[in-house]
Structure formats: structure tokens, C-alpha cells
Asks: 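Take a look at this one; I'll ask things after.
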Amino acid sequence: MQVIRFGIDLAKSVFQIHGVDASDQVVVQRQLRRGQVLKFFAKQPSALIGMEACGSAHYWARELSQLGHEVRLMPASYVKAYVRRNKNDARDAEACCEAVSRPTMRFVPIKTVEQQGQRALHRARDLFVRQRTQAGNAIRAMLYEMGLIGSKGRLGIGELIERIEAAGADIPAGLLPPLKGLARQWRGLDAEIAGLDRELVTQARANADACRLMKIPNVGPVTAHAVIAAVGNGRQFASSRDFAAWVGLTRHNHDTGGKTSLNGHISKAGDRSLRRLLVLGASAGLRHVRAKPGKGSPWIRGVLARRPVKVAVVAQAAKTARIIWAVLAKGEDYRGEDYRAEPTPA
């Protein structure tokens, strides 16, 4: 009988396939090696294929779509509800096959090769930044044990590295070999980060949507590039709140018995790196507002007067996320504080 729906449990080498016909009867249930997957589906009539949005999922979705199949990716947390007891590969594939047929299931847009390359730039940059911070902290700790300290920030660590490279007389000779190795590592990572920053800025300035996003306060080239790489034009979200919720900047709620309970904490469910960029941008903007209150909008000045600074930072980040969605979804330029994040009713 003809299979109309497949579920695939992705893996590195062995893939589990689960297929059902129009009456939801199991027709296919087998394992395939990596090299057999495309050959198997090339022989199948066009069907609906469901997979979890995990490692290599976007690659397989593009390849299977070229064979004429309709491929839909689903968040792994949503598929988990359809896994029966005694989890194994076969049950996971069956869960994907069942979940993809649900009318209320939410799907992940398939990313292009260009989008994945843009995302890789940010992942590599984040890794280099963490490693540079670790190397800098190690240098500070070793010198601190000898009573040598430097000022805060990159300026301070730069001064310490210059003293290390010059083999300062105040640094014990026994510490110079490890310190020089760490200093070289810090210099190399700093150069790599600077190179990726230049590439991000170049790509952002060449993208019309990113250029419009950079007109929004607290949004720079890195944030604008990250947003475009993550969501494209953003039209997969029905509203600005949906986008803010996907980023994880809306409040976590727990409703029961008709009573609404908002605990005040953001959900933090979604894209962690994009949320961090939005919060950092809001924090930088609020530093200027606190120094010169006349620069801030009446709304943010009111939030700062009522709530702690960190709460105001997150509130500003959530508002910025909503404005970002409106600019992308409407295809318009940012028009200032009177800009409406929600679409105007017809």
C-alpha cells in the first residue's frame, strides 16, 4: 500500500523509518544506513515527512524536498509528548510520524545553506569570545598570585599582556613560559574575533533588511545579522509577541482554575544567543539613559522609576524584539517611538 506519511529518527549512521498509509496502518518500519536514505526515498511517491529539528535536520530536509517530498521539522520538545513508554529509535520515528499529522503542531522553517553559514559565524564568534575570556582570566589569576593586577576590561588585560611580552622585571621568570603561551593565545583569539566582526558587519551592510534593523535603537550590526540569520523575514510569527516569546523575553505564566499567575520571570525558552544580544544592547542603551535621562523615552524613564534596572533592561529588550519583528514583517523603516509593533486591524 502507498505510504502517505513518514517519520524519521535522525542519527549519525543509522536512521529509523516509520511510514503509514491513508488509514494510519503501519506500512514501513525499518532501519537505513546513511547512504541508503536518499536512495530509499527517491523510489517513494511524494509523501509528508516529519523529523525533529536537531543536528543535520535542515540538510536532510533540503535533500528530501528536492526529491519531491513535503518535509516538516518540529521542535524536539513537542515531539516528545507522542513517544510511548520504553523509548527507542523505532518509537521516536513513530512519534515523529504521529506528531507531523497533528493540525496544531508548530513547525520550524527549513534553513537555507546561506542561513546556516550565517549562524555558524555567530557560533564561532561566541566560542572565540569565551576562549578569549578564559585565557584573560587565567592570565589575571596567575599574576594576581604574585601581587600584580591590571585594570578592568580589555584595556587592562592588554596592558598585562604587553608586560608579559616585554618580560617585565616584576614578573617571576618561572611564570613567563605559561604566561607567554596564554598571551599568544589571547592575541590570536582577539584577531580571529576581529576578523569575524568585520565579516558580520560587511554582510549586515549588504543586506537591506539588516540595514533597516540597524536604524532601531540598541540594535547594531551583530544583532541585526543574527536576527536575519535566525528568522529571515520573521513572517513565520503571527505577531510581535510571538517573536518575543520565541526569543524567550515574555513572562512565564502558570494558569489554572481560571486564575492567571505571572511570576515575573521571563521564560528563557528559545534562541539563547539572540536573547543575549538583545539584552546586551538594551543594557548599553540604558546606561546612556541613566546618565542623561533626557535621551530616554517617557516609557523607559517610567519603567526605570518604578522597577529595578535589570528589570528595565529586560523590558527594553522585549520591546526591541517586538519592534524588530514589526520592521521585518511589514518591510518598513523604523519611525521612532510612535512605531506600532502590532499590525493595524483591517
Side-chain angles (χ1 to χ4, degrees), residues 1-113 115-117 119-120 123 229-232 236-237 242 245-248 252 267-275:
M1 298 181 67
Q2 181 176 352
V3 180
I4 66 165
R5 191 170 73 249
F6 285 99
I8 305 178
D9 180 49
L10 299 176
K12 182 178 180 181
S13 301
V14 180
F15 296 70
Q16 184 70 37
I17 310 298
H18 185 94
V20 298
D21 59 17
S23 59
D24 282 339
Q25 297 297 316
V26 179
V27 179
V28 178
Q29 197 172 29
R30 57 180 294 188
Q31 284 187 347
L32 296 175
R33 304 296 297 183
R34 183 181 183 87
Q36 299 174 321
V37 175
L38 294 180
K39 296 178 182 179
F40 173 81
F41 282 101
K43 300 177 182 178
Q44 302 298 320
S46 297
L48 174 63
I49 301 177
M51 299 183 293
E52 292 181 348
C54 55
S56 76
H58 294 278
Y59 163 77
W60 287 111
R62 292 192 299 266
E63 294 294 323
L64 293 173
S65 296
Q66 291 178 1
L67 296 177
H69 299 287
E70 180 183 0
V71 185
R72 294 182 179 177
L73 304 182
M74 301 165 287
S77 58
Y78 292 174
V79 177
K80 185 177 181 181
Y82 297 92
V83 178
R84 299 178 183 178
R85 64 174 64 185
N86 300 325
K87 176 188 179 303
N88 53 44
D89 292 347
R91 294 284 169 82
D92 288 343
E94 181 183 5
C96 290
C97 186
E98 178 66 22
V100 76
S101 68
R102 298 297 90 197
T104 58
M105 178 57 61
R106 297 179 181 178
F107 301 104
V108 178
I110 300 172
K111 288 183 172 57
T112 63
V113 176
Q115 279 184 295
Q116 288 191 289
R119 297 279 282 178
R123 287 198 295 268
V231 300
Q236 63 267 39
F237 302 100
D242 288 350
W246 177 78
V247 178
H252 178 77
S267 66
K268 294 186 179 180
D271 195 305
R272 180 181 301 177
S273 61
L274 186 55
R275 182 172 63 251

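Numbering starts at 1 and runs along the sequence shown.
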Asks: How close do V3 and G19 get, counting heavy atoms only, and between which atoms?
Replies: CG1-CA, 3.8 Å
Asks: Heavy atoms, side chains only, cut-off 4.5 Å: are V231 and W246 in contact?
Replies: yes
Asks: Could you tell me which residues satisfy side chain to side chain donor-acceptor pair (under 3.5 Å) with D24, sequence neighbours excluded, listed by chain and number?
Replies: R5
Asks: Please identify each residue that fulfils ring pair (Phe, Tyr, Trp, His ring centres under 6.0 Å) with Y82, with sequence neighbours left out.
Replies: none
Asks: Who passes side chain to side chain contact (heavy atoms under 4.5 Å, CB included) against L32, sequence neighbours left out?
Replies: I17, R30, Q36, V37, F40
Asks: Let me confirm one number: the CG-OG distance from L10 to S56, rounded to the nearest 0.5 Å.
Replies: 5.0 Å
Asks: Looking only at heavy atoms, which two atoms of A61 and I110 are closest? And how far apart?
Replies: CB-CD1, 3.6 Å
Asks: Check R275 against A269 and note the closest heavy-atom contact, atom names and distance.
Replies: NH1-N, 4.1 Å
Asks: Listing request: all side-chain hydrogen bond (donor to acceptor under 3.5 Å, both in side chains) pairs with a residue in residues 40-50, at least two apart in sequence or in separate chains.
Replies: none
Asks: Of all residues at least two apart in sequence or in a different chain, which pass the side chain to side chain contact (heavy atoms under 4.5 Å, CB included) check with A93?
Replies: D9, Q16, H18
Asks: Among residues at least two apart in sequence or on other chains, which ones pass ring pair (Phe, Tyr, Trp, His ring centres under 6.0 Å) with H58?
Replies: none
Asks: K87: which residues meet the side chain to side chain contact (heavy atoms under 4.5 Å, CB included) condition with it, sequence neighbours left out?
Replies: V83, D92
Asks: Does anything in residues 53-69 pair up under salt bridge (Lys or Arg N to Asp or Glu O under 4.0 Å), and if so which pairs, sequence neighbours excluded?
Replies: none
Asks: How would you list, by chain and number, every residue that makes a ring pair (Phe, Tyr, Trp, His ring centres under 6.0 Å) with Y59, sequence neighbours excluded?
Replies: none
Asks: Measuring only between side-chain heavy atoms, which start at C-beta, is Y78 closer than 4.5 Å to T104?
Replies: no
Asks: Tell me the closest heavy-atom pair linking C97 and V20, and the distance in Å.
Replies: SG-CG2, 3.8 Å
Asks: Applying side chain to side chain contact (heavy atoms under 4.5 Å, CB included) to F6 and L64, what does each step give before you reach the verdict?
Replies: CA-CA 12 Å; F6 285 99; L64 293 173; over 6 Å; no
Asks: Which pairs count as salt bridge (Lys or Arg N to Asp or Glu O under 4.0 Å) when at least one residue sits in residues 101-111, sequence neighbours excluded?
Replies: E98-R102
Asks: Let me have the donor-acceptor pairs involving side chains of residues 70-77, under 3.5 Å, with sequence neighbours excluded, atom names and distances please.
Replies:
from, atom 1, to, atom 2, distance (Å)
E70, OE2, R72, NE, 3.0
E70, OE2, R72, NH2, 2.7

Asks: Quick check: closest heavy atoms across S273 and D271, and the distance to 0.1 Å?
Replies: OG-OD1, 2.9 Å
Asks: Any side-chain heavy atom of H69 sitting closer than 4.5 Å to one from L48?
Replies: no
Asks: List the atom of S267, the atom of G248, and the distance in Å for their closest heavy-atom pair.
Replies: OG-CA, 3.5 Å
Asks: Measuring from atom OG of S65 to atom CD1 of I49, what distance do you get when rounded to the nearest 0.5 angstrom?
Replies: 8.0 Å
Asks: State which residues pass side chain to side chain contact (heavy atoms under 4.5 Å, CB included) with R123; sequence neighbours excluded, sorted by chain then number.
Replies: R119, A120
